[in-house]
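To keep things clear, I will list the structure first and then write my remarks on it.
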Amino acid sequence: MPATPDTPSPSSANALWGGRFSGGPAAIMQQINASIGFDKALWAQDIAGSKAHAAMLGRQGILSAEDVEAIHRGLDQVAQEIAEGRFQFSVALEDIHMNVESRLRELIGPAAGRLHTARSRNDQVATDFKLWVRDALDRLDGDIRELQAALIDRAEEHAGTIMPGFTHLQTAQPVTFGHHLLAYVEMLGRDRGRLRDARARLNECPLGSAALAGTPYPIDRAMTAAALGFDRPTANSLDAVSDRDFALEYLSAAAICATHLSRLAEEIVLWCTTQFRFVRLTDAFTTGSSIMPQKRNPDAAELVRAKTGRVIGALNGLLVVMKGLPLAYSKDMQEDKEPVFQADETLALCLAATTGMIRDLTADPAAMRRAVEAGFPTATDLADWLVRSLGLPFREAHHVTGSIVKLAEQQGVGLSDLPLAAMRTVHAGITEDVYRVLTLEASVASRTSFGGTSPDIVKAAVKAARERFL
Ligand code: ARG
């Protein structure tokens, strides 16, 4: 906290908007108002937007060719100073837009003041932020793709590795580890689809909407839109300066993706326990305990699970900021950037860590088999055999199977080791042929429906996933 929060600062009124102001802001006003601490991340987008705007003003005869030339030269120099870390960002100048423009004035003089013709910081910030989010969407797509590639490689390797498939976290039916990993490839594919959809909707240019109502200058909005890689200009100036759907869509897609990562992370945590032992992570992705020497903790997975909270929180936070705002721009909207920046950084980190863990982990097929055998996983196969071979209605087959599972449990054996005589005490029609379906291999191999877990289907799914996603 500043020492004298309520006294006006000695600095004079803001040079860029202070015409009718005689005093400067209170220190605390400056502190709450300034966004430069975080929106300097938009510097490259701000300069690109200004260059496109100046070029358009020049072509429309609103600015002279000399002014446009000076503005472009000056902006290039500002960009170079920022890129090289030589730029002095000033809190008194509030935000990135005014920091850049003020430096431009120092460099090129009064021509800098003409750059702001036919625009406002309201359309400027909407444009800059859209450009930033668009880049983030593209980066994120590549990061998710990397994770899909890792999962697909491991799925191919484990197309025939049998593990328990769970419902209610109780052993349900045997599946293959490859099939399980490919489930995440599908989730991530939908995440990428959401990013693509968001990008297409985002890609309309707000520049030229000015403060809220448009501008009397004969501007060419299609020209600036095209120069900045947008598909077209936005169709309503009020909407253009007050829309933050693109940030919300980015955050909701990010939150869903983070949720997927969190579910996978939770599974990795479970799989690494001594109770499961399905996988092992190397020293590269685990930590030890300072007191319990036997421990190998999957901290990265736990942190991916936890950091998802930040991404969901960012979405929530921005929804709450936006929900009560009347049209058009309100300063509340300056609070849009930090949640997006933080979510983006967090998600990129979580994706990289997850890709690292997937490539690092070693599966333990023997442990998976022990776990699956303990749970009578072929009970459904037995019931299906009773339906198909003896013509029992499924409900009755289900009941018969339940009694046979009870017998096996009492004798402490798996279904495939229960003697025929014992099974016949439950239903006299059962024959030797039943053992054909009771092995784990037979069970997974039989599930050949499209999207099923049979190793042949999984191998085909691996190939298809490579074509669809990589
Ligand atoms: N720093 C501001 C933001 O991020 C820029 C827009 C300011 N516009 C205004 N009318 N005060 O929202």
Side-chain angles (χ1 to χ4, degrees), residues 13-21 24-26 28-50 52-53 78 82 87 89-105 112-113 115-136 202 205-215 224 228 234 236-248 250-251 314 317-344:
N14 187 297
L16 298 179
W17 51 246
R20 67 185 286 269
F21 287 68
I28 196 69
M29 173 60 195
Q30 185 164 297
Q31 197 187 337
I32 195 172
N33 201 35
S35 54
I36 188 63
F38 50 88
D39 71 13
K40 60 175 151 217
L42 300 177
W43 69 268
Q45 290 77 9
D46 195 69
I47 287 172
S50 288
H53 184 65
V78 174
I82 299 176
F87 191 92
F89 290 103
S90 151
V91 176
L93 289 166
E94 275 182 49
D95 59 24
I96 186 62
H97 323 294
M98 295 203 290
N99 268 270
V100 170
E101 192 182 320
S102 168
R103 178 67 183 136
L104 185 65
R105 185 189 301 265
L115 170 61
H116 214 52
T117 312
R119 80 170 182 189
S120 145
R121 275 188 294 154
N122 296 350
D123 58 339
Q124 195 179 352
V125 72
T127 305
D128 292 0
F129 196 26
K130 273 192 168 187
L131 289 171
W132 192 94
V133 171
R134 194 175 70 187
D135 285 347
L202 165 153
C205 186
L207 201 57
S209 301
L212 75 164
T215 171
T224 39
L228 295 169
T234 50
N236 181 296
S237 61
L238 291 167
D239 174 52
V241 294
S242 60
D243 158 42
R244 292 297 181 273
D245 290 7
F246 62 92
L248 291 170
Y250 170 82
L251 287 173
L318 186 55
L319 283 168
V320 176
V321 166
M322 295 304 296
K323 68 173 264 302
L325 296 186
L327 301 187
Y329 179 87
S330 296
K331 195 64 174 253
D332 306 54
M333 293 165 70
Q334 178 165 285
E335 291 287 306
D336 58 357
K337 292 165 208 68
E338 283 167 295
V340 171
F341 294 163
Q342 287 164 9
D344 186 66

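Numbering of ligands and ligand atoms starts at 1, following listing order. What you see is a predicted model; the values in this text were computed from it and never measured.
- Residue Q124 forms a side-chain contact (heavy atoms from CB on, under 4.5 Å) with just one option from N122, D128, T127, and that option is D128.
- Within 4.0 Å of ligand 1, protein heavy atoms belong to S35, D39, D95, H97, R121, N122, V125, Y329, Q334, K337, listed by chain and number.
- Counting non-hydrogen atoms of neighbouring residues, nucleotides and ligands closer than 6.0 angstrom, the NZ atom of K331 exceeds 12 such neighbours.
- Q334 places a side-chain N or O within 3.5 Å of a backbone atom of N33 that can act as its donor or acceptor partner.
- Looking at residues two or more places apart in sequence or on another chain, you find no side chain to side chain donor-acceptor pair (under 3.5 Å) involving E338.
- A salt bridge (Lys or Arg N to Asp or Glu O under 4.0 Å) check over residues 206-215, counting only residues at least two apart or in different chains, returns nothing.
- With sequence neighbours excluded, the residues that form a side-chain contact (heavy atoms from CB on, under 4.5 Å) with D39 are S35, I36, L42, D95, I96, K337.
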